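Notes to accompany the following structure.
This structure is a prediction, so every number in the text was calculated from the model and none was measured. Just so it is clear: chains get the letters A, B, ... in the order the sequence lines come, proteins before strands, and each one is counted from 1. Only heavy atoms go into these numbers, but all of them, side chains included; no hydrogens, no water, no symmetry mates.
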Amino acid sequence: MKSKIEESFFDRVYSVVREIPYGKVTTYGTIARCIGSPQSARMVGWAMNNSHNLIPEVPAHRVVNRNGLLTGKNHFGNVELMQKLLQDEGIKVINDQIIDFNSHFWDPMSIY
DNA sequence: TGATTGACCAACT
DNA sequence: CAGTTGGCCAATC
């Protein structure tokens, strides 16, 4: 029998994503690495997909791939919504690509 | 209930 | 240099 204190992979993902500060972005791989599964980056995106049903407070629009490309924009309902949200936070996005991505990048390890 | 897939990444050929 | 493959966990078919 599993301990209730043991959180699922998804729960850990949500915990990290929720801590992303305003105007900052991070990547799937970085989050996956932060929770101890560097190669589970795909699951992070999968968690985002379910997050719409589970935790609407998760800023999924602040999570992009390692290239700073808005690969998950197709899952926001409106393709332009993700880009709009990022631009509203002061992040420049052109052609689904975050401009000066390294400057807006936020490392989840900073919460430790 | 087994097989497939899914918003990724890195290594290998 | 570009295309393929392996890996991870959970949900869907």
Side-chain angles (χ1 to χ4, degrees):
Chain A
M1 95 188 236
K2 276 187 174 180
S3 304
K4 290 182 179 177
I5 56 177
E6 285 286 325
E7 295 185 64
S8 300
F9 191 90
F10 277 35
D11 295 327
R12 280 183 268 178
V13 173
Y14 298 140
S15 300
V16 174
V17 176
R18 241 178 320 175
E19 293 301 318
I20 301 177
Y22 181 92
K24 293 290 182 180
V25 292
T26 189
T27 74
Y28 303 99
T30 305
I31 295 171
R33 198 176 322 197
C34 183
I35 65 182
S37 296
Q39 298 178 321
S40 300
R42 295 169 31 168
M43 279 57 268
V44 177
W46 206 232
M48 295 295 106
N49 193 3
N50 282 336
S51 69
H52 284 279
N53 266 331
L54 301 177
I55 311 175
E57 292 297 319
V58 174
H61 62 277
R62 298 188 190 141
V63 183
V64 294
N65 69 348
R66 90 158 212 73
N67 294 318
L69 195 67
L70 278 57
T71 52
K73 66 172 185 178
N74 294 316
H75 295 267
F76 277 79
N78 292 344
V79 180
E80 298 178 355
L81 179 59
M82 186 174 187
Q83 179 170 337
K84 181 180 175 64
L85 289 171
L86 289 172
Q87 287 179 340
D88 191 54
E89 298 188 359
I91 301 175
K92 301 177 207 163
V93 179
I94 298 179
N95 195 17
D96 303 332
Q97 171 69 43
I98 295 180
I99 306 303
D100 200 357
F101 173 63
N102 196 13
S103 185
H104 294 291
F105 179 78
W106 174 79
D107 194 339
M109 294 297 285
S110 65
I111 66 180
Y112 289 119

Sticking with atom P, work out how far C:dC8 lies from B:dT1, rounded to a whole angstrom.
24 Å
Taking the P atom of each, how far is B:dA7 from C:dA2, in whole Å?
24 Å
Distance check needed: [N] [atom2] versus [X] [atom1], whole Å only.
| X | N | atom1 | atom2 | answer |
| --- | --- | --- | --- | --- |
| A:Met48 | C:dC8 | CE | P | 21 Å |
| A:Asp96 | B:dA7 | CG | P | 15 Å |
| A:Ile31 | B:dC9 | CD1 | P | 10 Å |
| A:Asn49 | C:dC9 | CG | P | 19 Å |
| A:Phe9 | C:dG7 | CZ | P | 16 Å |
| A:Glu7 | C:dA10 | CD | C1' | 16 Å |
| A:Tyr14 | C:dC9 | OH | C1' | 12 Å |
| A:Gln39 | B:dA10 | CD | P | 10 Å |

[atom1] of [X]: more than 12 outside heavy atoms within 6.0 angstrom?
| X | atom1 | answer |
| --- | --- | --- |
| A:Asn102 | CG | no |
| A:Arg66 | CZ | no |
| A:Glu80 | CD | no |

Residue-phosphate contact under 4.0 Å: A:Arg66 side-chain N/O, B:dA10 OP1/OP2:
yes
Want to settle it: does A:Arg33 or A:Phe76 sit nearer the 5' end of DNA chain B, counting the closest nucleotide to each?
A:Phe76
Answer with base, sugar-phosphate or nothing: what part of the nucleic acid does [X] contact at a heavy-atom distance below 4.0 Å?
| X | result |
| --- | --- |
| A:Ser37 | nothing |
| A:Asn50 | sugar-phosphate |
| A:His52 | base |

Consider the side chain of [X], meaning its heavy atoms from C-beta on, and name the nucleotide among [options] that approaches it most closely.
| X | options | value |
| --- | --- | --- |
| A:Met43 | B:dC8, C:dA11, C:dC9 | C:dC9 |
| A:Thr27 | C:dC8, C:dC9, B:dC9 | B:dC9 |
| A:Trp46 | C:dC8, B:dA7, C:dA11 | C:dA11 |
| A:Arg42 | C:dG7, C:dA11, C:dA10 | C:dG7 |

Check: A:His104/A:Glu89 side-chain N/O donor and acceptor closer than 3.5 Å:
no
On DNA chain C, does the nearest nucleotide to A:Ala41 precede the nearest nucleotide to A:Ser8 from the 5' side, or the other way round? Give the residue.
A:Ala41
Just how far is it from atom CD of A:Glu19 to atom CZ of A:Arg62, taken to the nearest 0.5 Å?
11.0 Å
